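Let me begin by presenting the structure, written as structure tokens, before commenting on it.
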Amino acid sequence: MSADAAIDHLLEGLNPPQRDAVMHGEGPMLILAGAGSGKTRVITHRIAYLLRTGQARPGEILAITFTNKAANEMRERVEHLVGRASRAMWVMTFHSACARMLRAYANELGYTRQFTIYDTGDQRRLIKQVLDNHGIDTKRYTPRAMQSQISSAKNKLIWPEVYAESVGSPFEEIVAEVYKDYTRELLRMNAMDYDDLLLNAVRLLEKNQEVRDRYAQQFRWVMVDEYQDTNAVQYRWLQLLTSEHRNLAVVGDDAQSIYSFRAADIRNILEFEEDYPDAHVVKLEQNYRSTQTILDAANALIANNRGQMPKHLWTDLGDGDPVRVREMADEYAEARWVTAEIQRLVDEGVSRAEIAVFYRTNAQSRVLDEMLTRAGVAYQVIGGPKFYERAEVKDAIAYLTFLVNPRDATAFTRIANSPKRGIGQTSMSRVLGYANDLGIDVWEAARGEVPGLTKAARNALGRFMDAMETLKAKAAENGPVAQLLDALLHETGYLDALHAERTIEAQGRVENLQELVSAAAQYDINAENGSLEEYLQQTSLFADADNIRDDEGLVTLMTMHNAKGLEFPIVFMIGMEDGTFPHSRSIEESNLEEERRLAYVGLTRAMRQLTLTYARRRMGYGGGSAPTIKSRFLDEIPRELTDQPSRISRGYPTPGRVASWSQAAAASAEYAGGDTNDAQLFRVGDEIVHAQLGDGVVTGLQPGGIVVVHFAGEGRDRSLMADVAPIKKR
DNA sequence: CGAAATTGGGTTTTT
DNA sequence: CCCAATTTCG
């Protein structure tokens, strides 16, 4: 293929705005990409186009995403378009890119290139220690609260010194103190937390002109995905990197900004045109994913937010089916019904991999979990308790970490007595204190003559460190990580201790560790020039969402946050109740707009069929089941887009929709269990009693066994399924 | 020092 | 309701 033909090929099949974005040359660009508008395609084709036209060389390209999954996908697609040239590009997450820069210049900031990356748990442990050192009451000032304050300060680019100057309350004074010490401790341990990766990368670029020049010159072409979710630090980092060439192309959708709790600042995208008055703006509004009905529902919902960037998603895929809305008795009925529906779909020939269930909080997956298991439906749950956060996995990783980073006291305290080998709290403190006093590595201290140890403790510590020395020698050989891991688990007695427990739980732990070893073996195979350090970095930046499997016939369960960037032909959104979604906390914090954007994200994941369910009663944290109010978001979706009878034609069946309706109602009756009513029993005007809502009057009857009831003391009518609702004629 | 028992604490979303 | 961390006892 000639060069020109190759270029034509790249532009083929793109719509005009997409093509515009792909072909844009020098200068800043804002691509407003609605859901499902083919933005990944635009980014990847743009990269290929820049290369093919000779405007860019591979090494000049920096393409940034938020998740590893997105980065991998982008990398694969770019590789598909341009081949091996993709290897010289930086296609990765913010965190990986920063970590890479920091490894290269760690010493500039007083770190070594072996620095450890701390997750939230590690952070809290270290903060707790700082609090204890200060004699601060950790009940009143919880490590959790401290961690969240510090993290939010970091994400706003507020350094410890600056924070200390602006304290306005005793609480903040303590935070300031802890923040300062925590930062110092991290440096001493040669460790950075997640936030530090970004923050220190900024510090490095600001502080060191040479480094800044190097990267700012290298990255002539910068592309950022999900720009609406960037925070102040990421913003600054991008500014520093693009100061030279100003070829910053950002892709995002303000309607999908859902990470303000992680300090994402929607203003970054809203004000992009103010930051770059010469920015070329492209709007991608044609959606290639969903039916028009689904898009209309999403458009109508998001219209309730103020200050959106004007846009209107459309598709030529046709209207498709109405959005299904279902009311269930409680979360069990809801889960049973969803399960039954899934089984029905699968019977009809739908692949399980085409089906997803979304919910607001991870806890909601439990009931569904149970029902699907009972029904024998294969599924995967994304999120929740994470593999790399399980105690045994963290232990194993901590062993490796300590081998690499001998200063990491957090890793040391985690593993020194795990498995139990008689090195208790006091002994560990002695070791740490000793290291502190002499200003030496924890490793070195632990090998030396630590004063004040009992004979037993000294022996135990000696044996432990002997094993560690052996492992360190093995690590120095740079062999496969999996082998080292395996050796470690045996050498340290970790597996023996688990086997000795002889419990099912311990067996599960052993299996998790086996899984860890095979994952490491995978790494050994995949990594081109792998190293223990790189392996550790990868695992610490690993997110559960990276684990989604899409080719094994599994129904996918996940939070709506995790669903961002994905699509499924058939989507269920459950728990559509005020308090659950929108979450009560968002209502309290008047953060409804972000919740609505989250709902928007959920709705726009669906390609063909969208079903929204809510339960009349839901269990709170403390056992009791309480009545609920259906989500205000449901009311924001025009009825005519749903299979709910519209208010005007209440009581009259809508032709064409009746069949599927009664089918669904029948399924629901079958699975909801409990006493059932026959809809025929009720007539308009009947007085009824509801188990929770009390007295009411039937004001309408609808197909599918729905009775519309007006309850005393309620401003509106409720539609109830006669066969499952706890109602009786009086 | 380790294991068991109790208590209290907290549940939005996560790179 | 469930987990974790602290406390208490052996």
Side-chain angles (χ1 to χ4, degrees), chain A residues 64-71 92-99 117-121 124-125 128 132 138-140 142-145 148 151 154-155 193-198 225-226 229-231 233-234 257-264 358-367 382-386 388-389 391 416-428 453-457 460 497 501 537-538 540-546 558-565 575 579-589 591 594-595 597-599 601-602 619-625:
Chain A
I64 294 293
T65 65
F66 272 84
T67 65
N68 295 305
K69 185 177 160 62
M92 53 184 85
T93 64
F94 276 106
H95 291 270
S96 311
C98 289
I117 298 171
Y118 278 7
D119 69 10
T120 318
R124 289 221 243 280
R125 215 164 307 129
K128 167 105 178 15
D132 287 344
T138 52
K139 292 259 161 62
R140 256 188 87 180
T142 62
R144 188 193 173 78
S148 118
S151 176
K154 285 183 172 184
N155 283 309
D193 61 30
Y194 287 146
D195 306 321
D196 284 339
L197 291 176
L198 300 162
D225 193 15
E226 308 280 14
D229 286 327
T230 51
N231 65 29
V233 189
Q234 288 153 343
S257 163
I258 55 173
Y259 281 111
S260 73
F261 67 92
R262 221 170 60 204
F358 302 155
Y359 34 79
R360 179 60 176 84
T361 63
N362 280 305
Q364 287 171 262
S365 68
R366 272 190 52 207
V367 187
I382 306 301
K386 293 178 202 60
Y388 283 99
E389 276 167 28
N417 202 32
S418 179
K420 306 266 179 290
R421 43 172 83 87
I423 305 172
Q425 194 98 64
T426 28
S427 304
M428 284 191 220
L453 288 190
T454 64
K455 193 163 198 149
E501 275 188 48
Q537 172 176 317
Q538 220 177 78
S540 54
L541 294 178
F542 194 82
D544 205 50
D546 302 330
M558 65 180 128
T559 64
M560 281 175 267
H561 279 91
N562 264 317
K564 197 174 70 163
T580 300
F581 190 42
H583 194 273
S584 51
R585 205 133 145 191
S586 322
I587 300 173
E588 285 159 28
E589 293 166 6
N591 210 1
E594 178 147 319
E595 288 289 283
R597 291 194 290 267
L598 187 57
V601 167
M619 204 121 84
Y621 43 93
S625 177

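Letters A, B, ... are given to chains in the order of the sequence lines, protein chains preceding strands, and every chain is numbered from 1. Worth saying up front: this structure is predicted, and the values here are computed from it rather than measured. Worth knowing before you read on, the calculation uses all heavy atoms, side chains too, and leaves out hydrogens, waters and symmetry mates.
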With a non-hydrogen cut-off below 4.0 angstrom, is [X] in contact with a base, only sugar-phosphate, or nothing?
X         : value
Asn362(A) : sugar-phosphate
Tyr259(A) : sugar-phosphate
Arg366(A) : sugar-phosphate
Glu389(A) : nothing

Whole-Å gap separating [atom2] ([N]) and [atom1] ([X]):
X         : N       : atom1 : atom2 : answer
Gln234(A) : dT15(B) : CD    : C1'   : 8 Å
Met558(A) : dT15(B) : CE    : P     : 12 Å
Phe261(A) : dT13(B) : CZ    : P     : 8 Å
Arg125(A) : dT6(C)  : CZ    : P     : 11 Å
Asn155(A) : dT14(B) : CG    : C1'   : 11 Å
Arg124(A) : dG9(B)  : CZ    : C1'   : 13 Å
Asn231(A) : dT14(B) : CG    : P     : 17 Å
Lys564(A) : dT15(B) : NZ    : C1'   : 11 Å

Enumerate all atom pairs, one protein N or O and one N or O from nucleotides 1-7 of chain B, separated by less than 3.5 Å.
residue : atom : partner   : partner atom : Å
dC1(B)  : OP1  : Gly424(A) : N            : 3.2
dC1(B)  : OP1  : Ser427(A) : OG           : 2.5
dC1(B)  : OP2  : Thr426(A) : OG1          : 2.3
dG2(B)  : OP1  : Gly422(A) : N            : 2.8
dG2(B)  : OP2  : Asn417(A) : ND2          : 3.0

Side-chain N or O of [X] closer than 4.0 Å to phosphate OP1/OP2 of [N]:
X         : N       : value
Lys128(A) : dA4(C)  : no
Asn562(A) : dT14(B) : yes
Thr559(A) : dT14(B) : yes

Indicate whether the side chain of Ser148(A) and that of Ser151(A) have a donor and an acceptor atom separated by less than 3.5 Å.
no

Restricting to ring-ring contact (aromatic ring centres under 6.0 Å, His included), what partner residues turn up for Tyr118(A), sequence neighbours left out?
none

Within the 4.5 Å heavy-atom criterion, are Phe358(A) and Gln364(A) side-chain neighbours or not?
no

Pair Asp229(A) + Arg262(A), salt bridge at N-O below 4.0 Å
no

Under a 4.0 Å N-O cut-off, is there an ion pair linking Arg597(A) with Glu594(A)?
yes

Kindly indicate, with the supporting measurements, whether the criterion ring pair (Phe, Tyr, Trp, His ring centres under 6.0 Å) is fulfilled by Tyr259(A) and His561(A).
CA-CA 9 Å; Tyr259(A) 281 111; His561(A) 279 91; 5.4 Å; yes

Side chain to side chain contact (heavy atoms under 4.5 Å, CB included) with Asp119(A): which residues, sequence neighbours excluded?
Asp122(A), Tyr194(A), Glu389(A), Lys394(A)

